[in-house]
Amino acid sequence: MLDLENDLNERQLEAVRQVDGPVLVIAGAGSGKTRVITYRVAHLVAHCGVAPWRILAVTFTNKAAREMRQRIGGLLLGRGQDCWVATFHATCAKLLRLHADLARVDKNFTIYDDGDQKAMVARCLKALNIDDKKFPARAVQSEINRAKREFISADAYPRDNLYQEQIQRVYALYEAQMQKAAALDFADLLFRMVRGMQENEDLLQAVSERFDYILADEFQDTNRVQLEFIRLLAQRHGNICVVGDDDQSIYSWRGANVENILGFETHFPSAFVVTMDRNYRSTSNILNAAHGVVAELPNRRPKTLWTSIEAGDPIGFIEAEDERDEARLVAKAVAELRDDGFPLNAQAVFYRINAQSRVFEEVFRTMDIPHRVVGGMRFYERAEIKDILSYLRLIHNTADLAAFLRVVNKPARGIGKTTVDRLIAVAAEAGISAFEAIDRASGSANIGSAGIKRLRAFRDLVVSWCAEISAGPLHLIGRILEDTGYLEALKLENTAEADARMENLNELIGSVEDFQQEAEDPSLSAFLELIALQTDVDTADFDSDAVTLMTVHAAKGLEFDVVHLTGLEEDLFPYQRSGDSFTSARAEEMDEERRLCYVAMTRARKRLLLNCARSRRLFGRTRYNPVSRFLINVPQDVMVDLTPDRPNIRPVEPFGISAPQKEPSWSPSRDTSNHTWVDRSFDQSLETSGLCPGQKVRNAKFGVGKVVAVRPGPRPKVDVMFPGYGKKTIMADFLEADV
DNA sequence: TATGATTCCATTTTT
DNA sequence: TGGAATCATA
């Protein structure tokens, strides 16, 4: 089962066996990163006598945590279930609850998601009479989050100018409101944990005593607070192992600090560093192409990925007329590659921004190519799901203002905006929650008697559910749907949309059933915690027979046999917001775009197709941008121009995805009238007459081979058998008779 | 209080 | 271009 020597290469082995002290594993794309982490944990438990619960492995996503846990479980045959494998946020949430007193947080805190947070900020802006044109809630929100990432509390927030003064006021009120709602936002989970450990020796001790070995995945994505968190956890014993790849750092805009990995040795001076540069995923052509892009970076840990996989097919380049044409050509390539033995679920289409997806969806739909778009509306963000969850949150913590506001008039029960506003005013005056204020409201007049009556009915409803809290979340959801008439209202609507909503509610109920059966603690609060941190539903199945469409960011960590990378034009990829330019101050942004491109390319196992368009309609404007600088960085000798109807301008070999007999009859915009070079291709057809089966020919890339068949046409191609490469279809232009 | 008109804006996204 | 968010109106 656990055979280190057999299952790991030398570098991986080093990384796994260096058990004590700080270890930095630079894990190049496709070099077996997860394997190292999971084997390391298994090794600690199986061979070093470490108790599983003394090990903490932190990840960024739930998905990564789940996979890791599964693989560790597989290696240890079930033992290892007791390891802490969780996201940074889930880890902190759990530790905060376990040590709520020391950390000075409410034990029953509610976790506010992004939307809740934004709404709270918006209310604060309004309460302070701050112009939300000058201070958009979204911007203030991200400023507060930035501050929390950098350990700046509301009190400590600078007030050097008017702008900061206003932000500070909002920040302070926001914190007060959050306190009152017994809520923590995502940033708080880390900030409160880390600040608590910094300021409170007892908390630091209590928490760090739990673990003897710390591991962190995707270390290049960590921010300052996260670095500090693991540093504090490891300071007692120094056993910290981080794994990551500086070349894949693509989240600096979210606070990730590449310096964490680039300067690891300054944070942990005695660190043992292993660089894993053997790639097990891609052909060497793909690695060469990707390396061409990333080699330009100024600050990186130098490494060149290598592989023992064959060179493989060249990288395809296709230049389309416009974005529609691009989508059609991609669709055509997808279909041909499918016939060539790459099923749809082995292929993916990547784009830089979501706005590009629409054309692909349209074209794929009209061409009847099954596809799935990753990254649309998320399950837990759907209105009906948020409604029901808000009811549950309110039951769990009646002070939860975001939840209260969401459901107090849902479904409509005649509690209008003014009534709610006045109720909140009463609450603010009395220093109590809005929910509690319902009791006081009657005395404080200015709320209409009808409003009071309805509010009380609402309160009674919630109170009656609270009495049944121990019956569990499933029961409560049933009561909510029934007692509020929520389900009834949906049924009456009798529209397709309402049906879809009920379907979603059923799915929610299904997941609650699973939860109650499987969780060791099936309580409402445990359920809410899970949901709050489980923002994605991993129903994204990559198994069904469909092409995957997604942004490059979403592709990180995945791999596909075939990758179609699209929109490779300046200003789109690398992306540049209209207006500003990549000045030296923005050089890091340019670097990040470059790494992003690298990430995209290294997702491909066997074939990589690079697409761009001469013109592109985006945001209502047509742009004519030159091809991406990243395309120019791809070494010419691994690339082939596959643009239809064009004589090759590049000295490279085609491969068989655009055989002449499959000319795009469905593609009106590819009408020859646009293409001035068509006449020349007619001449070329005459030139092939010199070739016939059996003849020996020479090609720059594959060397000498024997002609198997000649396919005449406007762009004649020849099937040639090359020793060592097999049969290749090549344009006649790129062959010469061998003497 | 719900709906339609209007305006504004425009990466990437996890927790 | 299109969507979301805000505003105006019945």
Side-chain angles (χ1 to χ4, degrees), chain A residues 58-65 86-94 111-119 122 132-133 136-139 142 145 148-149 184-191 193 217-218 221-223 225-226 249-256 323-324 350-359 362 374-378 380-381 409-420 529-538 550-557 567 571-580 586 589-590 592-593 595-597 599-600 616-623:
Chain A
V58 280
T59 63
F60 272 87
T61 65
N62 293 302
K63 190 169 157 241
T87 63
F88 275 100
H89 296 265
T91 305
C92 289
K94 195 163 175 191
I111 298 169
Y112 271 21
D113 69 16
D114 215 50
D116 297 327
Q117 185 186 32
K118 189 177 158 208
D132 60 359
K133 288 277 183 315
R138 188 83 197 74
S142 66
N145 287 335
K148 288 181 178 179
R149 282 202 300 264
L184 296 182
D185 59 43
F186 287 138
D188 281 332
L189 294 175
L190 281 144
F191 179 44
M193 186 74 245
D217 186 22
E218 302 282 15
D221 289 339
T222 50
N223 61 31
V225 186
Q226 287 158 337
S249 164
I250 57 173
Y251 284 116
S252 74
W253 51 275
R254 213 158 72 182
E323 76 282 353
R324 275 206 89 71
F350 296 165
Y351 34 80
R352 176 66 243 267
I353 62 173
N354 286 119
Q356 290 170 259
S357 75
R358 243 194 63 235
V359 194
E362 281 169 16
V374 173
M377 181 65 148
R378 277 183 270 152
Y380 292 112
E381 275 167 16
N409 194 33
K410 202 165 288 178
R413 46 173 78 88
I415 302 173
K417 197 172 170 319
T418 37
T419 306
V420 174
E529 169 126 352
L530 183 79
I531 295 304
L533 296 171
Q534 188 91 49
T535 50
D536 64 329
V537 193
D538 51 301
M550 60 181 151
T551 64
V552 178
H553 280 93
K556 200 179 101 173
D571 291 2
L572 180 60
F573 200 0
Y575 187 84
Q576 197 173 11
R577 283 146 80 166
S578 53
D580 49 28
R586 296 184 176 264
E589 291 177 32
M590 185 68 235
E592 186 147 315
E593 294 290 314
R595 293 191 292 265
L596 192 55
C597 184
V599 168
R616 176 177 302 273
R617 202 162 170 72
L618 195 65
F619 301 140
R621 290 167 54 103
T622 304
R623 320 175 177 201

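Every value quoted in this text rests on a predicted model; they were computed, and no experiment measured them. Below, read A as the first sequence line, B as the second, and so on, with proteins coming before strands; counting in each chain starts at 1.
A:Asp188 pairs by the side-chain hydrogen bond (donor to acceptor under 3.5 Å, both in side chains) definition with A:Lys148, not counting sequence neighbours. The ring-ring contact (aromatic ring centres under 6.0 Å, His included) test applied to A:Phe186 returns A:His89, not counting sequence neighbours. By the side-chain hydrogen bond (donor to acceptor under 3.5 Å, both in side chains) test, A:Glu381 pairs with no residue at all, sequence neighbours left out. Under the rule for a ring-ring contact (aromatic ring centres under 6.0 Å, His included), A:Phe191 has no partner lying at least two apart in sequence or in another chain. Considering only residues two or more places apart in sequence or on other chains, A:Arg616 meets the side-chain hydrogen bond (donor to acceptor under 3.5 Å, both in side chains) condition with A:Glu326, A:Glu569. Residues meeting the side-chain contact (heavy atoms from CB on, under 4.5 Å) test with A:Ser357, sequence neighbours left out: A:Tyr351, A:Glu361. Evaluation of the side-chain hydrogen bond (donor to acceptor under 3.5 Å, both in side chains) rule for A:Tyr251 yields no partner, not counting sequence neighbours.
One can place CG of A:Asp217 at 13 Å from P of B:dT15, the figure rounded to the nearest angstrom. Remark: C1' of B:dA2 and CG of A:Asn409 are 12 Å apart, rounded to the nearest angstrom. For the pair A:Lys118 NZ and B:dT14 P, the computed distance is 17 Å after rounding to whole Å. Look at CG on A:Asp114: it is 12 Å from P on B:dT15, rounded to the nearest Å. Between the CD atom of A:Gln226 and the P atom of B:dT14 there is a distance of 15 Å, rounded to whole Å. The nearest whole Å value for the distance from the CD1 atom in A:Ile531 to the P atom in B:dT15 is 13 Å. One can place CD of A:Glu529 at 14 Å from P of B:dT15, the figure rounded to the nearest angstrom.
When the nearest nucleotides of DNA chain B are assigned to A:Ala90 and A:Gly414 by heavy-atom distance, the more 5′-ward of the two goes with A:Gly414. Residue-to-nucleotide proximity on DNA chain B shows that, of A:Gly416 and A:Ala532, the 5′-proximal contact is made by A:Gly416.
Across the P atoms, C:dA5 and B:dT12 are found 15 Å apart, a figure rounded to whole Å. Atom name P, nucleotides B:dT13 and C:dA4: the rounded distance is 15 Å, in whole Å.
A donor atom on one side chain and an acceptor atom on the other are found under 3.5 Å apart for A:Gln117 and A:Asn145.
The glycosidic torsion of B:dT11 lies within 90° of 0, which places this base in the syn conformation.
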Table of protein N/O atoms under 3.5 Å from nucleotides 10-13 of chain B N/O atoms:
unit_1	atom_1	unit_2	atom_2	d
B:dT12	OP1	A:Asn354	N	2.9
B:dT12	OP1	A:Asn354	OD1	3.3
B:dT12	O4'	A:Arg352	NH2	3.1
B:dT12	O2	A:Trp253	NE1	3.4
B:dT12	O2	A:Arg352	NH2	2.7
B:dT12	O2	A:His553	NE2	3.4
B:dT13	OP1	A:Thr551	OG1	2.5
B:dT13	OP2	A:Asn354	OD1	3.2
B:dT13	O4'	A:Arg254	NH1	3.3

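Taking 4.0 Å as the cutoff to heavy atoms of chain A, we find the contact window on DNA chain C bounded by C:dT1 to C:dG2.
With respect to A:Asp221 and A:Lys556, a salt bridge is recorded, a charged nitrogen being found less than 4.0 Å from a carboxylate O.
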